[in-house]
Amino acid sequence: MIGARKTRRNDSRVIVHFDYDCFYASVFENENPALKSLPLAVQQKQIVVTCNYEARRRGLHKLALISEAKKIVPDLVIVLGEELGRFRDASKDLYRYLEGFTWSGKVERLGFDEVFMDITDIVDYNQNLLNPNDLAHSFFSLERNDPTVGFTFDATIFAGHTYPPQQMPSAISNSQGNDWLTTRLILGSHFAQHLRLGLDEEKGYTSSVGISTNKLLSKLVGNLNKPKAQTTLLPPYDMLEDGISYNAENTQESNVTMFIDGHDIGKIPGIGFKMAQRIRNHVLSRPPESGTGSGWGGTKESVTVRDVRLFPGMGPEMLERILGGPGVERGIGSKAWGLINGIDDTEIQKAKKVPSQISIEDTYGRLDTMPQVLKELRRLATSLIKRMHTDLLEDDDDPESGSGSKKRWSANPKTVRLSTRPRPPPNADGTRTRSFNRISRSGPLPSFVFNLNNGIDSIVERLVQECLVPMFKRLHPPHAVWNLSLINIGVTNMVETAREDGGGAGGRDISKMFKRQESTLREWRVADRDVPPDPVHGNDNNHHHNHQQAEPSAGDGAPNDDNDHDDNDDILASSEDAIYETQQNSIDDAWQEEEDDDDERPSCEICRRCGAMMPAFAIPAHERFHSLEQEEE
DNA sequence: CGGGGCTTGT
DNA sequence: ACAAGCC
């Protein structure tokens, strides 16, 4: 009864998973088609991060050292792939292509080369359109309000591969009437094929695709037929719990169990390295902590999902005991148990227009002097600002905002974060206990970074001097010795700026947005002149907005992108550097209070140039500030 | 092995 | 401020 509720299957959705074949290599091939016939490898630092299938045919594999790779394939073409811009661009393009087909907007990217899509609504719709008398000549409708848009297909068979493989494709559907789930997966498979061929023919990218009823299963099943193919996980999905069997001599078993049972426990998405190791230890009756942590340790035996599932006493409670502990997600046991049983109810996230974080990082073999650090901080900060411009700046199509500027910020990050990974000092015996642990500090992102008039260099310099260096000193106090293997600079805590949208689906209530921003926004001001005077901002010391209310935000807002606020408060409050000071301002109270009264709230605007938020009446003065600023140059 | 970047949870 | 997870 304990985990019983969560352990029920829900197969009412149809989920498709796309995995672009050797994505990085494909990006280069698309840029330069001559590469397609050559063995091609993409290099990052000293390793081959991916290679095309011609290279694989000759025995090269992913993650080979470059030196090895050259030996394996002497005429290998090697391209450098450390700069990720082109991959990000291609990834977003493909993502937008797929998004264009959805009705619900439920499309989610995982990394650059994977996409989940929830096509439940489209499948539902087309299921109702089927003519049971002539399934072989069906039409798949892609748009609700234009019945001519779509494609013809044979609804008696699956498109592409299935698991388990079907010996006689049409046998199933002819002999017995298809059940509900089978019909929907057939529909899903044809739609998936349409999308997959579209990606190939229109965008030049082949992919491997899986079709099932949740993210876990669709992702795993897509691996069965790898380059340029698709696989649907066939019903039945349900276990026959007691006595009931379809057929006396041909008892059916769940294909889900059959399929997932063969996987190594560590191959299940959601069960990562740490969890897999702990489960293995338990199942193999190992002492709970062998303490090495370096590499593969001792456990060589592979432990499959079946081994875990059938282990005596195994279930959500036991898993909770194995996996639970301080700093571990609560309910991890039943979650893991669900995964082991092919159950995964997590939703496909709706497309977000704005990322919830942008960060830039690099790794180093040795980085232990301040001048080096300063140089890297500038380098990383420069590309961060550039990334903010490409990712967060959009064309300003609002005619009223004259004043020459053609771009506006679609979101303002409120927080900067600096992370480093100190290289652990060598062990007594010389063995390197490599740790992947990062440490970080964060603080308010000053608004001068949103300035579009002055050059990037001056912004970078200020950011480095006024924010990053102080944070660095907090991470690594003067006198301390360190050697860094990584630096990461990021901006987080995005606050979407209001759109004068007004029309259409998801029309948002602007006053609600501001209510949210009141609690989210925190304007601090660099104690310096020539920063845009922010006439308004959260004045809030001690005003803790606990409940932050996931705020589903009409359509697709950023669900909970403000985790760290309380922490930031504390950091700021105790910051000795006193670089920032809050600006108390009496205007606030005039308009910020009054939760329940909808009318007569002074209208607010966000400066197009620097992102500062203020009441409308403050805009003119603020604009004047900017023009002064401009003349200074 | 290991790159750069993202999300989620405590 | 991490830790862990995913690619």
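Throughout, protein chains are lettered first and strands after them, A, B, ... in sequence-line order, and every chain is numbered starting at 1. As a basis for the values below, the full set of heavy atoms in this structure was taken, side chains included, without hydrogen atoms, waters or symmetry mates.
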- [ ] Using a strict 4.0 Å threshold on nitrogen-to-oxygen distance, state whether A/Asp200 and A/Lys228 make a salt bridge.
- [x] yes
Task: Distance in angstrom units between A/Leu486 CG and B/dC6 P, rounded - done: 14 Å
Task: Separation of B/dG2 C1' from A/Glu68 CD (nearest whole Å) - done: 15 Å
Open item on the list: Checking contacts here: which listed nucleotide (C/dG5, C/dC2, B/dC6) is nearest the side-chain heavy atoms of A/Arg441?
Closed with: C/dC2
TODO: To the nearest Å, give me how far apart CD1 (A/Ile439) and P (C/dA1) are.
DONE: 11 Å
TODO: Can you figure out which of B/dC6, C/dA1, B/dG4 approaches the side chain of A/Leu84 most closely?
DONE: B/dG4
Task: Proximity to the side chain of A/Ser440 - top-ranked nucleotide from C/dA1, B/dT7, B/dG2 - done: C/dA1
- [ ] Look at the side-chain N and O atoms of A/Arg387 and state whether any lies under 4.0 Å from the OP1 or OP2 oxygen of B/dC6.
- [x] yes
Open item on the list: Side chains of A/Leu377 and A/Val460, heavy atoms from C-beta outward: is any pair under 4.5 Å?
Closed with: no
Open item on the list: Quick check on A/Lys203: does its NZ atom have over 12 non-hydrogen neighbours (other residues, nucleotides or ligands) under 6.0 Å away?
Closed with: yes
Open item on the list: Taking 4.0 Å as the cut-off, does a side-chain nitrogen or oxygen of A/Ser356 come that near to OP1 or OP2 on B/dT7?
Closed with: yes
Open item on the list: Whole angstroms only, please: what is the CZ-C1' distance between A/Arg438 and B/dG4?
Closed with: 8 Å
- [ ] Measure the distance from NZ on A/Lys335 to P on C/dG5 and round it to the nearest whole Å.
- [x] 9 Å
- [ ] Verify the contact: side-chain N or O of A/Lys274 to OP1 or OP2 of C/dA4, cut-off strictly under 4.0 Å; return yes or no.
- [x] yes
TODO: Tell me what A/Ile358 touches on the nucleic acid: a base, only sugar-phosphate, or nothing, going by heavy atoms under 4.0 Å.
DONE: sugar-phosphate
Task: Under-4.0 Å side-chain N/O to phosphate OP1/OP2 contact, A/Lys45 with B/dG4 - done: yes
Open item on the list: Expressed as a whole number of angstroms, how long is the span from A/Asp391:CG to B/dG5:P?
Closed with: 11 Å
Task: Among A/Tyr24, A/Phe23, A/Phe28, the one residue meeting side-chain contact (heavy atoms from CB on, under 4.5 Å) with A/Thr50 - done: A/Tyr24
Task: With sequence neighbours excluded, residues passing side chain to side chain contact (heavy atoms under 4.5 Å, CB included) with A/Lys386 - done: A/Thr382, A/Ile456
TODO: Consider the side chain of A/Arg88, meaning its heavy atoms from C-beta on, and name the nucleotide among C/dC7, B/dC6, C/dA1 that approaches it most closely.
DONE: B/dC6
Open item on the list: What is the distance, to the nearest angstrom, from the CD1 atom on A/Ile332 to the P atom on C/dA4?
Closed with: 11 Å
Open item on the list: Salt bridge or not between A/Lys219 and A/Glu114? Use side-chain N to carboxylate O under 4.0 Å.
Closed with: yes
- [ ] Please work out if A/Gly270 contacts a base, only the sugar-phosphate, or nothing of the nucleic acid, heavy-atom cut-off 4.0 Å.
- [x] sugar-phosphate
- [ ] Check salt bridge (Lys or Arg N to Asp or Glu O under 4.0 Å) between A/Arg387 and all other residues, then give those that pass, not counting sequence neighbours.
- [x] A/Asp391
- [ ] Measure from the side-chain heavy atoms of A/Lys219 and tell me the nearest of C/dC2, C/dC6, B/dG4.
- [x] C/dC6
Open item on the list: With a 4.0 Å cutoff (strictly under), does any side-chain N or O of A/Thr363 reach OP1 or OP2 of B/dG2?
Closed with: no
Open item on the list: Within the 4.0 Å heavy-atom criterion, would you say A/Asp362 contacts the bases, only the backbone, or no part of the nucleic acid?
Closed with: sugar-phosphate
Task: Nearest to side-chain heavy atoms of A/Leu63, which nucleotide of C/dC7, B/dG2, B/dG5 - done: B/dG2
Task: Euclidean distance, atom CZ of residue A/Arg417 to atom P of C/dA1 [Å, nearest integer] - done: 10 Å
Task: Proximity to the side chain of A/Leu110 - top-ranked nucleotide from C/dC6, B/dT8, B/dG3 - done: C/dC6
- [ ] Indicate, with a heavy-atom threshold strictly under 4.0 Å, whether A/Gln357 touches base, sugar-phosphate, or nothing.
- [x] base
- [ ] Among the candidates B/dC6, B/dC1, B/dG3, find the nucleotide nearest to the side-chain atoms of A/Tyr24.
- [x] B/dG3
Task: Earlier contact from the 5' end, DNA chain B, for A/Glu108 and A/Gly111 - done: A/Gly111
TODO: Check whether any side-chain N or O of A/Ser359 sits under 4.0 Å from OP1 or OP2 of B/dG4, and answer yes or no.
DONE: no
